[in-house]
> 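Got a structure for you, written out below as structure tokens; questions coming shortly.
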Amino acid sequence: MTDKAADSRNRIIEAAISLMRRSGLSGAGINEIVAESRAPKGSIYYFFPRGKQQIVSEALAVYAQRGLAAWGQALSSVEEPGRKIHALLDAIAARTELGQYRASCAAGTVILDLDDDLEVVRLAIADAFSRWIELISVHFPIGNAERRKSFAGLVLTVIEGAFIRARAERSSKPFQDAAAWLAEIAEREVAHAPRAPRRRRTRDGT
């Protein structure tokens, strides 16, 4: 693929992500993507022969990977469980504020706007959610693996809900309020997690 072709393809993906974040699936039609990306309409079907469903699925995969990178960076920036929660939600809130509260999570907006026949898109969103939950879970050493994953799922659920309220209220306060409560839960859960027993040393020091 030439640099020019790669640029056109990337612009289409970026346009789809931007439109989905603002308007969900219904706002990311072929004509809207063409206008947003300024790519020739013929290039849409050249790069994405299966049309809108393929564009949306691939754009969501790119978006999910970016979420992993950004969220992972925020979570890794501090050590304490409560501070990890604040770092994550503060980072998401800052990006929402930067977009003047006009854009949400692309996966969240699309899943609420999805027809039953778009199973491929649903699976792409479910995969994104699963990967984000797994990322969050590894940062909170809660003893029980099932409970750890459940807590990570709660964090994601709260984030998606905070996106909705932030747009409605034009405020980052939903993220701030949620972070305060989740930080308390995280600190308590990690503090009460059973510790792995220390391995006893033998006489030879092994």
> In terms of heavy-atom contacts, does CD of Q73 have more than 12 from other residues, nucleotides or ligands at under 6.0 Å?
no
> Nearest 0.5 Å, what's the CD1-OG distance between I92 and S172?
11.5 Å
> Within the distance-only criterion (no hydrogens, no angle test), does the side chain of N144 pair as donor or acceptor with the backbone N or O of E146 below 3.5 angstrom?
yes
> For the residue pair F140 and F151, does the interplanar ring angle fall in the parallel (under 30°), tilted (30 to 60°) or perpendicular (over 60°) class?
perpendicular
> In this structure, would L112 and L19 fall into the same cluster of hydrophobic residues linked by side-chain contacts under 4.5 Å?
yes
> For residues T96 and A103, report the shortest heavy-atom separation together with the two atoms involved.
CG2-O, 4.1 Å
> Are any of the side-chain heavy atoms of R122 and L118 separated by less than 4.5 Å?
no
> Does the side chain of E160 reach to within under 4.5 Å of the side chain of C105, using non-hydrogen atoms?
yes
> Out of K84, E80, H192, which residue meets the side chain to side chain contact (heavy atoms under 4.5 Å, CB included) rule with E187?
E80
> Ignoring hydrogens and geometry, is there a side-chain-to-backbone donor-acceptor pair from D113 to S26 under 3.5 Å?
yes
> So which atom in F47 and which in Q54 form the shortest heavy-atom distance, rounded to 0.1 Å?
O-NE2, 4.0 Å
> Counting N and O atoms only, with roles assigned by atom type, does the side chain of S23 sit under 3.5 Å from a partner on the main chain of M20, one being a donor and the other an acceptor?
no
> Would you call E32-R22 a salt bridge at under 4.0 Å N-O?
no
> Does any N or O in the side chain of K52 come within less than 3.5 Å of the main-chain N or O of I30, such that one atom is a donor and the other an acceptor?
no
> Please determine, by modelled atom types, if Q100 and R170 share a side-chain donor-acceptor pair under 3.5 angstrom.
no
> Indicate yes or no: at least one non-hydrogen side-chain atom of F48 is less than 4.5 angstrom from one of I13.
yes
> Side chains of I142 and K149: closer than 4.5 Å at any heavy-atom pair?
no
> Check whether the side chains of Y46 and S8 place a donor and an acceptor atom closer than 3.5 Å, and report yes or no.
no
> Would you say V78 and L75 are hydrophobically clustered, going by side-chain heavy atoms of ILVMFWY under 4.5 Å?
no
> Assigning hydrophobic clusters by single linkage (Ile, Leu, Val, Met, Phe, Trp, Tyr; side-chain heavy-atom cutoff under 4.5 Å), is L114 placed with F163?
yes
> Which pair of heavy atoms, one from L89 and one from A179, lies closest together, and at what distance?
CD2-N, 3.7 Å
> Tell me which one of K173, R165, R167 satisfies side chain to side chain donor-acceptor pair (under 3.5 Å) with E169.
R165
> Are I85 and I185 side-chain neighbours, meaning at least one heavy-atom pair lies under 4.5 Å?
no
> Provide the closest heavy-atom pair for L25 versus V110 in the form atom of the first, atom of the second, distance.
N-CG2, 4.0 Å
> In Å, rounded to the nearest 0.5 Å, how long is the span from OG of S57 to CG of L123?
8.5 Å
> Ion pair present between E58 and R9, side-chain N to carboxylate O less than 4.0 angstrom?
yes
> Other residues, nucleotides and ligands only: do more than 12 of their heavy atoms fall within 6.0 Å of CZ on R83?
no
> For Q65 and R131, run side-chain contact (heavy atoms from CB on, under 4.5 Å): C-alpha distance rounded to whole Å, both residues' side-chain angles, the deciding distance at 0.1 Å, then the answer.
CA-CA 9 Å; Q65 189 60 40; R131 294 169 69 190; 2.4 Å; yes
> Would you confirm whether S104, through its side chain, and T109, through its main-chain N or O, come within 3.5 Å as a donor-acceptor pair?
no
> Rounded to the nearest 0.5 Å, what's the gap from CG on D90 to CD on E97? Could you check?
10.5 Å
> Is the side chain of S137 donor-acceptor paired with the backbone N or O of E134 at a distance under 3.5 Å, no angle test?
yes
> A39 and I12: which non-hydrogen atoms are nearest, and at how many Å?
CB-CG1, 3.9 Å
> How about L154 and L182: do any of their side-chain heavy atoms sit closer than 4.5 Å?
yes
> Does the side chain of L88 come within less than 4.5 Å of I159's, by heavy atoms?
yes
> Is there a donor-acceptor contact under 3.5 Å from the side chain of S130 to the main chain of A126?
no
> CD1 of I33 to CD1 of I44: how many Å apart, nearest 0.5 Å?
5.5 Å
> To check you understand the geometry: which heavy-atom pair defines the closest contact between F175 and A166, and what is its length?
CE1-CB, 3.7 Å
> Decide yes or no for R66 and I17: does some side-chain heavy atom of the first lie under 4.5 Å from some side-chain heavy atom of the second?
yes
> Has the side chain of S18 got a donor or acceptor atom that lies under 3.5 Å from a matching backbone atom of A15?
no
